[in-house]
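Chain letters run A, B, ... following the sequence lines, proteins first, then strands; residues in each count from 1.
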Amino acid sequence: MSCLVIDLRLLRENPDLIRHSQQLRGESSQAVDDLADADNAHREALQRFEALRAEQKQLGKRVSRSSGDEKTELLRRTKELSTEVKGAETVVTTAAAALRAAQMAVPNIVAEGVVPGGEDDFVVVRTVGETSVPQPCRDHLELGESLGAIDMERGAKTSGARFYYLTGVGALLQQALLNLALQQAVDTGFTPMIPPVLVRPEAMEGTGFLGAHASEVYHLPEEDLYLVGTSEVALASYHSREVLDLAQPKRYAAWSSCFRKEAGSYGKDTRGIIRVHQFDKIEMFSYCRPEVAGEEHQKLLGFEEDMLAKMEIPYRVIDTAAGDLGSSAARKFDCEAWVPSQQRYRELTSTSNCTTFQARRLAVRYRDDNGKPRTAATLNGTLATTRWIVAILENHQQPDGSVRLPKALQPFMGREVLEPVA
RNA sequence: GGAGGCGUCGCAUAGUGGACUAGUGCAGCGGUCUUGAAAACCGCCAGGCGGGGCGACUCGUCUCGUGGGUUCGAAUCCCACCGCCUCCGCCA
């Protein structure tokens with residue numbers, strides 16, 4: 001009848017667990033109380049409707065078998081009942097809409113072990129590789145321009161700020177990077193995918209992107225379609241309303257362009273291709289049983305680190321604080337690459353364990369050992385993106401302005417070094 | 001973009017206003033028989049939500065693509081939308 005956001009049974013049995021989760025995220029627990037109220041109102045309305053409806057069905061059957069005065073009398077009563085049933089149904093519909101709205105306001109329950117707080121309260125899990133600041137240190141845009149790899153000015157001319165052209169070796173570099181990532185995914189058992197990037201509202205809503213971050217998303221009003229900010233949306237929607245065999249996790253790796261308004265980031269990262277409206281990404285996505293989701297999360301993180309190692313990029317892994325989780329995530333690990341020109345770490349990958357949050361909304365289920373359908377868990381993670389070019393160029397730049405290519409990339413590029421063009 | 005056809009339980013089909021409490025076949029699962037298998041026979045075999053019981057269960061309700069409408073009563077009649085198929089047009 002409806003897709004649930006928060007498990008309502010859990011809400012009834014243990015509302016404090018959800019309140020506590022809201023606290024960790026730094027959000028009001030009022031939403032939880034509102035949800036409980038809406039749930040009660042909905043159940044009451046439902047019970048009244050069902051009782052009336054049962055009576056209506058019973059009497060309705062007698063109408064067809066009766067005649068004469070009896071029939072006239074029955075018809076009089078069933079007509080009354082019909083009005084009452086319609087009224088009760090309207091109340092249910094209204095209560096259901098209110099319940100749904102209340103559900104949408106509550107994000108996923110934070111996993112155990114996640115630290116409270118916001119953007120700056122993360123935990124560093126580990127740091128890998130030696131960081132260095134080359135002398136001289138050119139930033140990725142300076143390098144990209146001299147290599148003939150990135151053209152921001154003409155991107156702006158054609159499409160506006162935060163758009164760019166990858167040109168020449170830049171175009172080849174991205175293609176090589178994404179090919180290598182997709183190759184790694186296929187080698188480790190992922191099914192490669194090229195998904196749609198325009199999706200329906202249900203797909204956006206089901207993955208949790210129409211909540212607080214709706215203003216981040218491009219929308220085509222005429223067709224009521226959304227441009228995805230990540231192929232996670234299309235991959236999660238792929239098995240919606242299906243019952244899967246999840247004896248083993250189902251893993252997909254998608255290539256897609258991604259589109260983001262970056263509405264809340266005026267003035268941030270305006271230089272180069274760190275934060276742009278359109279980029280390309282290889283995204284991993286897993287469907288699995290909820291009890292193995294934590295383990296699967298570590299695997300996705302491992303695959304991300306494998307790619308970073310292949311790119312020979314120094315990085316650290318952070319365990320994101322509760323306040324910095326997306327609404328669908330229970331836990332999130334980011335890999336942040338060392339960016340020499342900024343002398344700090346910047347996010348290159350992000351992997352989220354969405355537990356049953358998305359699958360419940362999208363009605364993705366599996367059969368348990370007793371053959372009963374249960375809600376699955378979903379996870380996602382980044383394997384490579386356009387932004388990786390920043391870390392590759394800057395970390396592997398040479399004093400003469402050339403860029404050494406990491407070994408793993410060389411076969412895909414057919415060369416070992418990128419040389420300045422002018 | 002235009003015209004027509006079609007959406008029923010995993011698959012295939014029946015059902016055109018009241019016994020539909022959605023029938024049947026296939027596939028699947030369990031059993032009987034058998035040394036074992038096949039065949040035959042018997043049983044089970046869509047999900048959501050709500051109520052009752054510790055529980056195997058049980059009662060009610062919703063769902064025949066989705067949402068409205070007509071009616072005392074809708075799988076069935078009407079409208080809109082979504083999807084699929086065929087043909088035409090256009091196009092990488």
Any side-chain N or O of A:R9 below 4.0 angstrom from OP1/OP2 of B:G50? yes
What pairs meet the ring-ring contact (aromatic ring centres under 6.0 Å, His included) rule with one or both residues in residues 270-293 of chain A, with sequence neighbours excluded? A:F163-A:H277, A:H239-A:Y287, A:F285-A:Y287
Could you run down the sub-3.5 Å N/O contacts of the protein with nucleotides 54-56 of chain B?
none

Ignoring hydrogens and angles, tell me if any N or O in the side chain of A:E142 forms a donor-acceptor pair with the backbone of A:H140 under 3.5 Å. no
Distances under 3.5 Å only, N/O to N/O: pair up the protein atoms with those of nucleotides 83-85 of chain B.
| from | atom 1 | to | atom 2 | distance (Å) |
| --- | --- | --- | --- | --- |
| B:G83 | OP1 | A:R200 | NH2 | 2.8 |

Please confirm whether the shortest side-chain N or O distance from A:Q56 to OP1 or OP2 of B:G73 is below 4.0 Å. yes
Applied to residues 319-338 of chain A, the ring-ring contact (aromatic ring centres under 6.0 Å, His included) test, sequence neighbours excluded, yields A:H297-A:F333, A:W338-A:Y345
For A:R367 and B:C45, is the shortest distance between a side-chain N/O and OP1 or OP2 below 4.0 Å? no
For B:G73, take OP1 and OP2 only and decide whether either is under 4.0 Å from a side-chain N or O of A:S82. yes
Within residues 71-79 of chain A, which residues have any heavy atom lying less than 4.0 Å from an atom of RNA chain B? A:L75, A:T78, A:K79
Rounded to whole angstrom, note down the P distance from B:A12 over to B:C85. 14 Å
Assess the residue pair A:Y238 and A:Y252 against the criterion (ring-ring contact (aromatic ring centres under 6.0 Å, His included)); give the C-alpha distance rounded to whole Å, side-chain angles, the decisive distance to 0.1 Å, and a yes or no. CA-CA 10 Å; A:Y238 187 65; A:Y252 297 96; 5.4 Å; yes
Okay, side chain of A:S286, backbone of A:T378: is any donor-acceptor separation there less than 3.5 Å? no
Distance-only criterion, 3.5 Å: show the donor-acceptor pairs between side-chain atoms of residues 405-420 of chain A and protein atoms not counting sequence neighbours.
| from | atom 1 | to | atom 2 | distance (Å) |
| --- | --- | --- | --- | --- |
| A:Q410 | NE2 | A:L405 | O | 2.9 |

Quick one: is A:R53 getting a side-chain N or O under 4.0 Å of the B:C62 phosphate, OP1 or OP2? yes
